[in-house]
Each structure stands twice: as structure tokens, then as C-alpha cells.
Asks: 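Dumping the structure here so I can ask a few things about it.
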Amino acid sequence: MNGSCRNRTAILISGRGSNMVSLVGAAAEPGFPAEIALVLSNRPGAGGLARAAEAGIATDVVDHKAYPDRESFERALDAHLAGAGIGLVCLAGFMRVLTPWFVERWTGRMLNIHPSLLPAFGGTHTHERALAEGVLIHGCTVHFVVPELDAGPIVAQAAVRVLPGDTPETLGARVLAEEHALYPAALRMVASGAVRLENGRVVREG
Ligand code: GRF
């Protein structure tokens with residue numbers, strides 16, 4: 001393949017891939033501005049790989065355990081993305097910390113979804129921590145990826161109310177339902193050019 005196409009999108013997963021499924025479904029709609037060209041996992045056993053294959057999407061594995069260090073893993077990852085002519089990357093439950101080298105290569109072209117209203121509750125166990133803090137509003141965020149973990153200019157957010165009696169599971173399920181709507185909406189905005197990153201800040205059309 002010669003070069004990348006701006007809107008050929010790869011989804012990087014490590015697990016079940018429910019956000020990946022929602023992105024694939026949305027991108028199958030006529031007129032969606034991005035094409036899901038590849039689903040790639042760092043774990044050969046990721047459940048999402050089979051779900052992607054069932055949907056007719058090309059899948060690929062770059063197993064981080066096969067590489068001696070983070071940098072060589074990322075060089076392989078980058079080569080696989082380049083080989084597939086990828087122009088946009090969506091991290092969707094991709095459980096590897098990415099180095100500044102990789103992140104900078106994909107600046108403005110790589111999104112992540114996080115299950116909290118960033119900058120609150122970066123990291124893991126976000127629903128448990130939101131409940132422990134007693135917040136009344138929780139949610140999810142799609143952001144451009146920067147070298148710092150769970151940070152970066154925000155593309156879109158969705159909020160959910162915390163209800164009396166919520167457990168991490170009930171709250172997490174409502175947040176996940178919002179993620180499934182938010183990520184396709186965010187990808188649409190970025191792929192269409194309505195939202196872009198300029199000098200480290202999000203610029204929105206209109
Ligand atoms: C989601 O909660 C996402 O926000 C987080 O990891 C989880 C991935 O779930 N980054 P799935 O694999 O998309 O079902």
C-alpha cells in the first residue's frame with residue numbers, strides 16, 4: 001500500500017471490544033466519514049478479534065510479549081498500521097502504555113475512550129472511585145492521545161447521573177452504554193474534520 005488514507009481507521013483493542021463493535025456498526029452506515037480498515041490487538045486471545053472477524057473486518061495481532069521492549073513493540077505496531085494504510089487510530093480498551101515516540105507519530109490522529117469525565121478519575125477502577133468520592137455526575141470521555149496517560153485535548157464527553165444504590169457494576173453499565181454512542185460520534189467529528197487538533201488544542205468547526 002502506498003501511504004495512508006486519512007480516514008482509514010484502525011481500532012486497537014486488548015479485550016472484549018464492545019466499543020470496537022459500536023464503532024464498526026456506526027462506520028457501516030452510509031456516509032460515515034471513516035472506514036474501519038483494521039482491528040488490531042496486542043493480545044492474541046482478545047475476545048474482540050473474533051467479533052471483528054465476524055463483522056468482516058481485517059484483524060491483526062502484534063503480541064507485545066514477542067518483543068524485548070516497549071520501543072520494538074511499538075515499531076512493529078507502527079509498521080503494521082503503515083502496512084494497512086491507516087490514517088486514524090482509535091484506542092478502545094487497549095491496555096498498553098504508549099511511549100512519546102509512538103504518540104507523537106500519531107498526534108492529532110489517535111483517539112482514546114476513557115470511562116470517566118476527565119480530568120477526574122484517570123487510571124483504573126473509575127466507577128469504584130467515582131462512587132467512593134460521592135460524585136453525582138460521572139461519565140466518559142473521548143480525547144486525543146498525548147504522552148501523559150488518560151489526558152489530552154477532549155473531543156467529546158457524555159455524562160450519567162449517579163443514582164442512589166449504584167454499584168460499580170450498575171454505574172459502569174450505564175457509562176458503557178454512553179461510551180457506545182459517544183465514540184462513534186467523536187470519530188465522526190474527527191474524521192470529517194469538524195474537530196481537529198491544532199497546536200495542542202481542539203478546534204471545532206461552527
Ligand atoms: C471501556 O470502558 C473503555 O472506556 C476503557 O476500556 C473499556 C474497554 O471496553 N478504555 P471494551 O473492550 O470496549 O468493551
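Read the numbers this way: they start at 1 and go in the same order the structure lists the ligands and their atoms. These numbers were taken from a predicted model, which means no experiment stands behind them.
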Asks: Got more than 12 heavy atoms from elsewhere within 6.0 Å of CZ, R204?
Replies: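 Yes.
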
Asks: Which donor-acceptor pairs under 3.5 Å do the side chains of residues 23-35 make with protein atoms, sequence neighbours left out?
Replies:
none

Asks: Looking only at heavy atoms, which two atoms of F121 and R129 are closest? And how far apart?
Replies: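 Scanning both residues, the minimum pair turns out to be CA-NH2, 3.5 Å.
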
Asks: Cut-off 3.5 Å, no hydrogens considered: what does the side-chain donor-acceptor table look like for residues 134-141, sequence neighbours left out?
Replies:
from	atom 1	to	atom 2	distance (Å)
H138	NE2	H127	ND1	2.9
T141	OG1	S116	O	2.7
T141	OG1	L118	N	3.0
T141	OG1	Q157	NE2	2.9

Asks: Does H114 have any ring-ring contact (aromatic ring centres under 6.0 Å, His included) partners at least two apart in sequence or in another chain, and if so, which?
Replies: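 With sequence neighbours excluded, H114 shows a ring-ring contact (aromatic ring centres under 6.0 Å, His included) to no residue whatsoever.
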
Asks: For ligand 1, find each of its N or O atoms that sits under 3.5 Å from a protein N or O atom, and tabulate the pairs with distances to one decimal place.
Replies:
from	atom 1	to	atom 2	distance (Å)
ligand 1	2 (O)	E179	OE1	3.3
ligand 1	2 (O)	E179	OE2	3.2
ligand 1	4 (O)	E179	OE1	2.7
ligand 1	4 (O)	E179	OE2	3.4
ligand 1	9 (O)	R16	NE	3.4
ligand 1	9 (O)	R16	NH2	3.2
ligand 1	10 (N)	I113	O	2.9
ligand 1	12 (O)	G17	N	2.9
ligand 1	13 (O)	S18	N	3.3
ligand 1	13 (O)	N19	N	2.8
ligand 1	13 (O)	N19	ND2	3.0
ligand 1	14 (O)	R16	NE	2.4
ligand 1	14 (O)	R16	NH2	3.4
ligand 1	14 (O)	S18	N	2.8
ligand 1	14 (O)	S18	OG	2.5

Asks: Could you check whether any side-chain N or O of N7 sits under 3.5 Å from a backbone N or O of A191, counting only pairs where one atom can act as donor and the other as acceptor?
Replies: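 Yes.
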
